[in-house]
There are 2 protein chains.
Amino acid sequence: MARPAKIESSALHRKLSDVFRDVGYEGASLALLSEATGLQRASLYHRFPGGKEQMALEVMTGAEQWLGEHILAPLASDAPPEARIRAMIRGLDDFYSGGRQACLLNMLSSPRADRGPFARLIRNALKAWIEALAALLSEAGFDAETARFRAERAVALVQGSLVLARGMDTTRPFRNCLANLERELLAPRSDGAPAPTSA
Amino acid sequence: MARPAKIESSALHRKLSDVFRDVGYEGASLALLSEATGLQRASLYHRFPGGKEQMALEVMTGAEQWLGEHILAPLASDAPPEARIRAMIRGLDDFYSGGRQACLLNMLSSPRADRGPFARLIRNALKAWIEALAALLSEAGFDAETARFRAERAVALVQGSLVLARGMDTTRPFRNCLANLERELLAPRSDGAPAPTSA
DNA sequence: GTCTATAGTAAGATAGAC
DNA sequence: GTCTATCTTACTATAGAC
């Protein structure tokens, strides 16, 4: 080919995402992003005139889209609850590469100063996820309080298992987490009251 | 006072720790650390000739010491299991300021390149915590597998609830987590097998 | 659309006065 | 022990050729 090939946008986003998930926003220098994508810094600025912040924003937006399609949509389908939860679990296993990749929602929540354009995106994504799960649990017969409590706990468990997986350098916590999610979410609420704090 | 006062070491560590917990290692610039401590950069280098890395290492070491004294020691005491768990929970609530402060184990696990002097400390701290909890649960009558599984899940839950608290800008997930820890840890294992993955 | 080359700025770190 | 002043490096970002 005569002129330089335009690197495909989706592949580019993917590679940028990998860097942010690995080293976080502040740790992701343009040198690193350039190396990971195979594009020179100037080329990155051509695609993202807003610089690093725009890259992170687009990556984050892409992740939200992925969340909507592969997690929220299955949770809201008309399949039986067990099937919907299993679909979510497959999505999670895929998204986090079985526990080998961290979560943007965690890795991008530090950029301080204005505390960033990311804060809103992150908050919304977490809320949407929790609410979709809670809606499913309500539909499955749990009272609203229990549904909300279990949903929030499940999301926390996924995030925490990723923190452990990263910190202990093993995917086991994440695999354990996924392996038990369905059972824990749908377990009959006999075993003591969940007792969520109201405020 | 004639000569400049020596700022107390413990207070200094505390302030440095706050910065690292807030913005992570890469985000913690010397300008930020200087501002937070009230010391000029050169003064920080006088105390920490190894620069930022030494600061983070000492902060991390201090946190490990705190973990040993306020979490691991109570877990290994000769009080009844419920009391030991409650002591841990009080320690956690204090350490994380009720969910307002993030965990160093999460915030310092990104520094890449060599992946750092932090990796070992973090891994050890997480393992020690999980093992202390598992030992308590074994002692409380649970089989080794269940004890290990619940211990790891509890630590993941704490970490994850901190991620959520940070991301959603509310301490509720963390408070919920602590409020239910004792019950979840000591619940009779009637409700379906925990089914941990072996490897 | 990609590159090389280069501004301009903020980072980590030192030297030496007090 | 703390400071001001400075060095060096790495970073973000831009200019302009191809």
Length of the [atom1]-[atom2] vector between [X] and [N], whole Å:
| X | N | atom1 | atom2 | answer |
| --- | --- | --- | --- | --- |
| B:Glu35 | C:dG12 | CD | P | 14 Å |
| A:Glu26 | C:dG12 | CD | C1' | 16 Å |
| B:Leu30 | D:dA5 | CG | P | 19 Å |
| A:Lys52 | D:dT14 | NZ | C1' | 18 Å |
| B:Phe48 | C:dG12 | CZ | C1' | 16 Å |
| A:Gln40 | D:dT12 | CD | C1' | 15 Å |
| B:Leu44 | C:dA11 | CG | P | 14 Å |
| A:Leu33 | D:dA10 | CG | C1' | 14 Å |

Just compare [options] and give me whichever is closest to any side-chain atom of [X].
| X | options | value |
| --- | --- | --- |
| B:Tyr45 | C:dT14, C:dC3, D:dT12 | C:dT14 |
| A:Leu39 | D:dC3, C:dC3, D:dC11 | C:dC3 |
| B:Ser29 | D:dT14, D:dT12, C:dA11 | C:dA11 |
| A:His46 | C:dT2, C:dT4, C:dG12 | C:dT2 |
| B:Ala31 | D:dC11, C:dA11, C:dG12 | C:dA11 |

Tell me whether [X] is salt-bridged to [Y], with the criterion being a basic N under 4.0 Å from an acidic carboxylate O.
| X | Y | answer |
| --- | --- | --- |
| B:Arg90 | B:Asp94 | no |
| B:Glu145 | B:Arg189 | no |
| B:Glu58 | B:Arg47 | no |

Applying side-chain contact (heavy atoms from CB on, under 4.5 Å) to A:Ala83 and not counting sequence neighbours gives A:Ala79, A:Pro80
Check for me whether B:Arg166 meets the cation-pi criterion with B:Tyr96, that is, NZ or CZ under 6.0 Å from the six-membered ring centre and within 45 degrees of the ring axis.
no
OP1 or OP2 of D:dT2 less than 4.0 angstrom from a side-chain nitrogen or oxygen of B:Arg47, does that happen here?
yes
Between B:Ser43 and D:dC3, does any side-chain N or O lie under 4.0 Å from OP1 or OP2?
yes
